[in-house]
S.K.: 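Got a structure here, written out as structure tokens. Questions coming.
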Amino acid sequence: MAPKNKTHPLQPGSTIGIMGGGQLGRMTALAAGKLGYRCHIFCPDANSPAAEVSAAVTVAPYADMDALKTFGEAVDVVTFEFENIPHESVQLLTEHAVVRPGWRSLAVAQDRLVEKDFINDIAPTTPYRRVESAAELEAAATEIGKPAVLKTARMGYDGKGQVLIAPDCDYAAAWAEMGAKVGILEAFVKLEREISVIVARSPGGGWATYPPVENRHVNHILDTTIAPAVLPTEMAADAIRIAHEIADGLDLVGLLAVEMFVTRDGELLVNEIAPRPHNSGHWTMDACPTSQFEQFVRAVCGLPLGDVTPHHDAEMKNLIGSAVNGWADLMSDAGAHLHLYGKREVRDGRKMGHVNRLYPRGHWK
Ligand code: AMP
């Protein structure tokens, strides 16, 4: 059966199917509601943050072909707030609905080796090697040097599945700790700072690009975003150009976040990409005319992209784990724009909400 094609543009009142039920889906559904759309969440967990604010939910594993077929028939477009969906599932969805971003964006983003190979044709990354055993790890570490970082090729996020390969490394132990069949060994980058760029790309190839931001991590998890990043003009332009070229190369429709390292030598290296809204874009909810979530909805529905010019500088701070217990104080702080994700259980390292603070333009300079 040919996919439905109601997306020129998708009429308000139509249903956006979202694969994944986390906070990114929740904030997308809230933005979609503002524009008159309904959202239908597909997620394996009951009580997901996204389902709580959506019109419909399918609770099923991502590989449940019957549930996917019914879901694909029920919605007008399918998108993703989580890219680690099996290939066969995405394939099946494309038979029933328009899928944005396309399969290629997801395939590239869900495997760090495929991702780094793809990016290297466009922009530099840190040197890396594919490794499939402790012996290959040792050989690769000898080649690219230490320290290095061993990561799982697939299913890694927020530093999960990452092991630092120190000069006195026990390779067998490091391999066992990483815990996957295929890994990627990356040369350790001497960071000056980390930045990201979020671009929206519409079905016709039109652009809207938020300014580069600086991201500060604690324990490999994003802690604070400073918007905009204070960068030399040329470096900011380079970062934006790289993000555009990657999105064009993927023929992506939707949002693309590109995470980059600024090295101590002033070089820009791409770390990873995410073809969806991104934690480093949460500041846009209060500091830009169009938030990243509304922009995402606009792009996947084929609507004109919105204005991305910030009206304020901003600082976004994640509320991770028990930090969310400070919510009452934040509610009574007039300068704190609080966003909570409705997660019932507080766990260490779990993103529970975030706070945006606004400053006059030029504040960070
Ligand atoms: P990732 O899951 O690849 O985004 O990694 C999480 C964080 O770990 C990054 O934001 C960096 O702070 C750090 N990191 C990852 N890869 C490297 C690397 N090759 N060199 C130095 N730091 C890294």
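Ligands are counted one by one from 1 in listed order, and the atoms in each one are counted from 1 as well.
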S.K.: Given 3.5 Å as the limit, does a donor-acceptor pair link the side chain of D313 with the main chain of H363, or not?
M.R.: yes
S.K.: Quick check on contacts: which atoms of ligand 1 are under 4.0 angstrom from a heavy atom of A187?
M.R.: 19 (N)
S.K.: Atom 9 (C) of ligand 1: which of Q162, K190, E194 has the nearest heavy atom?
M.R.: E194
S.K.: Should Y62 and L93 be regarded as members of a common hydrophobic cluster, given that ILVMFWY residues are connected when their side-chain heavy atoms come within less than 4.5 Å of each other, either directly or indirectly?
M.R.: yes
S.K.: So, S196 versus H278: side-chain donor-acceptor pair below 3.5 Å or not?
M.R.: no
S.K.: Going by salt bridge (charged side-chain N to carboxylate O under 4.0 Å, His left out), name the pairs with one or both residues in residues 44-72, residues two or more places apart or in two chains.
M.R.: R26-E52, E52-R344, K69-E73
S.K.: As an exercise, identify every atom of ligand 1 less than 4.0 angstrom from a heavy atom of E259.
M.R.: 4 (O)
S.K.: Within the structure provided, determine whether H354 and M27 are in side-chain contact (heavy-atom separation under 4.5 Å).
M.R.: yes
S.K.: Using a strict 4.0 Å cut-off to heavy atoms of R112, name the atoms of ligand 1 that fall inside it.
M.R.: 1 (P), 2 (O), 3 (O)
S.K.: Any heavy atom of A148 sitting closer than 4.0 Å to ligand 1?
M.R.: no
S.K.: Can the ring centres of H96 and F71 be said to be less than 6.0 Å apart?
M.R.: no
S.K.: Checking the N or O distance criterion of under 3.5 Å, is ligand 1 in contact with V149?
M.R.: no
S.K.: With heavy-atom distances below 4.0 Å as the criterion, list the atoms of ligand 1 near K151.
M.R.: 3 (O), 15 (C), 16 (N)
S.K.: For ligand 1, which part of N271 has a heavy atom less than 4.0 Å away: the side chain, the backbone, both, or neither?
M.R.: side chain
